[in-house]
Asks: 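My structure is below; once you've seen it, I'll send some questions.
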Protein chains: 2
Amino acid sequence: MSSADVKKLARAFSALANENRLKLFLNLLEESRLDLQKGRAHDCFLVKLLGNLSIGASTVSHHVKELEDAGLIETSRDGKNLICTIRPDTMRSLGDLFANVRPR
Amino acid sequence: MSSADVKKLARAFSALANENRLKLFLNLLEESRLDLQKGRAHDCFLVKLLGNLSIGASTVSHHVKELEDAGLIETSRDGKNLICTIRPDTMRSLGDLFANVRPR
DNA sequence: TCTACATTTTGACAATTATCGAAGTATTAG
DNA sequence: CTAATACTTCGATAATTGTCAAAATGTAGA
């Protein structure tokens, strides 16, 4: 694994290391799975995420950008609303990392 | 997912968020897979890990403890040497987290 | 027991990070 | 155009973290 890859990985884990940011991400993941069941696309408004945490809007905005810069999510806009979407490619590489460890 | 679970998860990601600590962990993972192929038990000495990084022994010791406290590895002793072992149970729960995301 | 080796603990410091509130920007509705 | 809503940027601050060097501890061998 290249040094650049390690850097990228560390960045992703760093984004998930903060409790509030992790909660945002887990919300998105759960939403993604619910929508998967219904066969719909998954997305989540910032304002909706905000409701679940006791931190300010500006802080949430920072956190979302951090998740995005780390390659964990993508964002787009629907009018005034920010839409966050999980990046399945990144999920796959993270998942692979933890696979195939010998059970004891 | 309970609040305690989220805390634990964040702790694990936090442990992997530092580049040097991540390298230690990736070394252990790789070693674990090599040994898996050979059907042997896997373990790795601290002093061996140390060689690959340009940081002091005391720092590596801190990092190892951090990985252990985060539930990612277990340690034991063989004489003077510290032996580090990947925890497959934790690997499994982390792997599950990133599974089942809809591809686009 | 003395010594060398492997690791750990301690104390310090610089760098990074999480968060806030206020001001700023963009978008929509009226 | 104006006001309201949703988000972003800025500047500040407190808390956390990564690293080091030095001293301490534990272990094995002579």
Side-chain angles (χ1 to χ4, degrees), chain A residues 3 6-28 31 42-86, chain B residues 3 6-28 31 42-86:
Chain A
S3 171
V6 175
K7 251 195 223 322
K8 250 170 78 178
L9 247 192
R11 182 92 202 255
F13 289 133
S14 186
L16 298 173
N18 173 266
E19 232 178 286
N20 283 324
R21 213 155 44 212
L22 178 57
K23 281 180 192 164
L24 289 181
F25 176 76
L26 292 175
N27 269 333
L28 288 173
E31 183 129 339
H42 52 277
D43 51 53
C44 198
F45 297 149
L46 186 80
V47 70
K48 196 166 144 198
L49 294 175
L50 224 167
N52 302 320
L53 304 170
S54 52
I55 55 180
S58 75
T59 304
V60 172
S61 178
H62 280 304
H63 284 332
V64 168
K65 193 175 307 297
E66 192 68 27
L67 290 173
E68 186 177 19
D69 290 349
L72 294 164
I73 64 172
E74 276 176 1
T75 64
S76 58
R77 216 151 238 314
D78 177 17
K80 282 182 290 191
N81 299 296
L82 185 76
I83 301 182
C84 304
T85 313
I86 296 280
Chain B
S3 171
V6 174
K7 252 195 224 318
K8 250 172 75 180
L9 247 192
R11 183 93 202 255
F13 289 133
S14 187
L16 299 174
N18 174 266
E19 232 178 285
N20 284 325
R21 213 154 45 214
L22 178 57
K23 281 180 194 165
L24 289 183
F25 176 77
L26 292 175
N27 269 335
L28 288 173
E31 185 127 338
H42 54 277
D43 51 50
C44 198
F45 298 149
L46 187 77
V47 69
K48 197 165 142 199
L49 293 175
L50 224 170
N52 303 318
L53 304 170
S54 50
I55 56 180
S58 75
T59 304
V60 172
S61 178
H62 279 305
H63 283 333
V64 168
K65 193 175 307 297
E66 190 69 27
L67 290 173
E68 185 176 21
D69 290 349
L72 293 164
I73 66 174
E74 275 175 3
T75 65
S76 59
R77 221 152 231 312
D78 177 17
K80 285 184 285 192
N81 300 294
L82 185 75
I83 301 183
C84 304
T85 315
I86 294 280

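Letters A, B, ... mirror the listed sequences (proteins, then strands); counts begin at 1. None of the values given here were measured: they were computed from a predicted structure.
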Asks: Ile83(B) has an atom CD1; how far is it from atom C1' of dT27(D), in whole Å?
Replies: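 Spelled out: CD1 on Ile83(B) to C1' on dT27(D) is 14 Å.
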Asks: Is the closest basic N to carboxylate O distance between Glu19(B) and Arg11(A) below 4.0 Å?
Replies: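 Salt bridge between Glu19(B) and Arg11(A), a charged N being under 4.0 Å from a carboxylate O: no.
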Asks: Could you go through Lys65(B) and Asp69(B), starting from their C-alpha distance and side-chain angles, then the distance that decides it, and tell me whether this counts as side chain to side chain contact (heavy atoms under 4.5 Å, CB included)?
Replies: CA-CA 6 Å; Lys65(B) 193 175 307 297; Asp69(B) 290 349; 3.8 Å; yes
Asks: Assign His62(A) to base, sugar-phosphate, or nothing according to its heavy-atom contacts below 4.0 angstrom with the strands shown.
Replies: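 Contact class for His62(A): base.
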Asks: Side chain of Asn81(A) only, please: which of dA6(D), dT8(C), dA22(C) is the nearest?
Replies: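 It is dA6(D).
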Asks: For Glu66(A) and dT16(C), what is the distance between atoms CD and C1' respectively, to the nearest whole Å?
Replies: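 Spelled out: CD on Glu66(A) to C1' on dT16(C) is 11 Å.
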Asks: Does a side-chain N or O of Asn20(A) approach OP1 or OP2 of dT19(C) to a distance below 4.0 Å, or not?
Replies: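 Checking dT19(C) against Asn20(A), a side-chain N or O does come within under 4.0 Å of OP1 or OP2.
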Asks: To the nearest Å, how far apart are Glu19(A) CD and dT17(C) P?
Replies: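 To the nearest whole Å, that distance equals 18 Å.
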Asks: Below the 4.0 Å mark, does dT7(C) have OP1 or OP2 next to a side-chain nitrogen or oxygen of Lys65(B)?
Replies: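 For dT7(C), neither OP1 nor OP2 has a side-chain N or O of Lys65(B) closer than 4.0 Å.
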Asks: Check whether the side chain of Ser61(B) and the base of dA6(C) form a donor-acceptor pair under 3.5 Å.
Replies: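 No, no donor-acceptor pair under 3.5 Å.
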Asks: Can you figure out which of dC5(C), dT8(D), dA22(D) approaches the side chain of Lys80(B) most closely?
Replies: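 Nearest to the side chain of Lys80(B) among the choices is dC5(C).
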Asks: CG of Asp78(A) versus P of dT5(D): gap in Å, rounded?
Replies: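 About 18 Å, once rounded to whole Å.
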Asks: What is the distance, to the nearest angstrom, from the CG atom on Leu82(A) to the P atom on dT28(C)?
Replies: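 The distance from CG of Leu82(A) to P of dT28(C) comes to 14 Å, rounded to the nearest Å.
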Asks: Using a cut-off of less than 4.0 Å, is there contact between a side-chain N or O of His63(B) and OP1 or OP2 of dT19(D)?
Replies: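 It does, given that an N or O in the side chain of His63(B) lies less than 4.0 Å from OP1 or OP2 of dT19(D).
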Asks: Between CG of Leu16(A) and CG of Leu24(A), what distance do you get to the nearest 0.5 Å?
Replies: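 Rounded to the nearest 0.5 Å, the CG-CG separation comes to 10.5 Å.
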Asks: Please determine whether any donor N or O and acceptor N or O are separated by less than 3.5 Å between the side chain of Thr59(B) and the base of dG18(D).
Replies: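 Under the 3.5 Å cut-off, the side chain and the base do not form any donor-acceptor pair.
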Asks: Step by step, would you call Ile86(B) with Glu31(B) a side chain to side chain contact (heavy atoms under 4.5 Å, CB included)?
Replies: CA-CA 10 Å; Ile86(B) 294 280; Glu31(B) 185 127 338; over 6 Å; no
Asks: Which residue lies toward the 5' end of DNA chain C, Ser14(A) or Ser54(A), if each is placed at its nearest nucleotide?
Replies: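 Going by which nucleotide is closer to the 5' end, it is Ser14(A).
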Asks: To the nearest Å, give me how far apart CG (Leu24(A)) and C1' (dC7(D)) are.
Replies: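 Taking atom C1' of dC7(D) as the reference, CG of Leu24(A) is at 14 Å.
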Asks: Tell me whether the side-chain N/O atoms of Arg77(A) come closer than 4.0 Å to OP1 or OP2 in dA26(C).
Replies: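 No.
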Asks: DNA chain C: Ser58(A) or Arg21(A), which has the more 5' nearest nucleotide?
Replies: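 Nearest nucleotide further toward 5': that of Arg21(A).
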Asks: Return the value, rounded to whole Å, for the distance between atom CG of Leu67(A) and atom C1' of dC7(D).
Replies: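 The answer, rounded to whole Å, is 16 Å.
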Asks: Classify the side-chain pair Thr75(B)/Glu68(B) by whether it contains a donor and acceptor separated by less than 3.5 Å.
Replies: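 Yes.
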Asks: Expressed in angstrom and rounded to an integer, what is the separation of Asn18(B) atom CG from dT17(D) atom P?
Replies: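 Nearest whole value for this atom pair: 11 Å.
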